[in-house]
Amino acid sequence: QASSRSHCMFTVFFEGRRVGSDRVLRSKLNMVDLAGSERCHKTKSDGQTLREAQYINTSLFFLEMVIVALNEKSREHIPYRNSMMTTVLRDS
């Protein structure tokens with residue numbers, strides 16, 4: 001049985017050009033569906049469900065770290081490399 005508890009990222013690339021123009025405009029749109037965090041002690045998760053919840057909670061924490069760091073103007077280092085999700089979303 002496969003788990004449906006995960007984050008989902010969908011990236012769409014757009015490319016446009018006006019008729020008669022050589023100038024090309026490119027855009028990238030990232031859509032992210034985040035799995036919800038879980039209070040493991042309240043749901044009494046164990047085994048595989050507990051591990052999945054821990055991975056989800058950890059990746060949400062890393063995303064929060066990046067958002068907080070981006071908000072701090074004096075910050076020199078943004079911790080994008082802590083998770084695959086924040087690495088993929090780095091150029092967003």
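Take Ile67 and apply the side-chain contact (heavy atoms from CB on, under 4.5 Å) test, not counting sequence neighbours, and it matches Leu63. Every residue meeting the side chain to side chain donor-acceptor pair (under 3.5 Å) condition with Thr11, not counting sequence neighbours, appears here in chain and number order: Asn30. Residues passing the salt bridge (charged side-chain N to carboxylate O under 4.0 Å, His left out) test with Lys73: none are found, sequence neighbours excluded. Contacts of Glu76 classified as side chain to side chain donor-acceptor pair (under 3.5 Å), with partners at least two apart in sequence or in another chain: none. Applying the side chain to side chain donor-acceptor pair (under 3.5 Å) test to Asn82 and every residue at least two apart in sequence or in another chain returns nothing. Applying the side-chain contact (heavy atoms from CB on, under 4.5 Å) rule to Met84 yields the partners Val88; only residues at least two apart in sequence or on another chain are considered.
A salt bridge (Lys or Arg N to Asp or Glu O under 4.0 Å) check over residues 10-25, counting only residues at least two apart or in different chains, returns the pairs Glu15-Arg26. A salt bridge (Lys or Arg N to Asp or Glu O under 4.0 Å) check over residues 78-92, counting only residues at least two apart or in different chains, returns the pairs Lys28-Asp91.
The minimum heavy-atom distance between Met85 and Val32, with the atom names listed, is SD-CG1, 4.4 Å. In this structure, Thr86 and Pro79 approach most closely via the heavy-atom pair OG1-O, 4.2 Å. In terms of heavy atoms, Ala69 sits closest to His77 at CB-O, 4.2 Å.
Hydrophobic clustering of Ile, Leu, Val, Met, Phe, Trp and Tyr side chains at less than 4.5 Å, counting indirect connections, unites Met31 with Phe14.
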Go through it in stages, so that I can follow the logic: the residues are Asp33 and Met9, the test is side chain to side chain contact (heavy atoms under 4.5 Å, CB included), and I'd like the CA-CA distance, side-chain angles, deciding distance and then a yes or no.
CA-CA 6 Å; Asp33 179 17; Met9 294 190 302; over 6 Å; no

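Through side-chain heavy atoms spaced under 4.5 Å, either directly or across other Ile, Leu, Val, Met, Phe, Trp or Tyr residues, Met65 is tied to Phe61, Phe62. Phe13 shares a hydrophobic cluster with no other residue; no ILVMFWY side chain has heavy atoms under 4.5 Å from its own. With a 4.5 Å cut-off between side-chain heavy atoms of Ile, Leu, Val, Met, Phe, Trp and Tyr, the cluster of Val66 takes in Leu70, Ile78, Tyr80.
In this structure, the side chain of His7 does not engage the main chain of Leu34 through any donor-acceptor pair within 3.5 Å.
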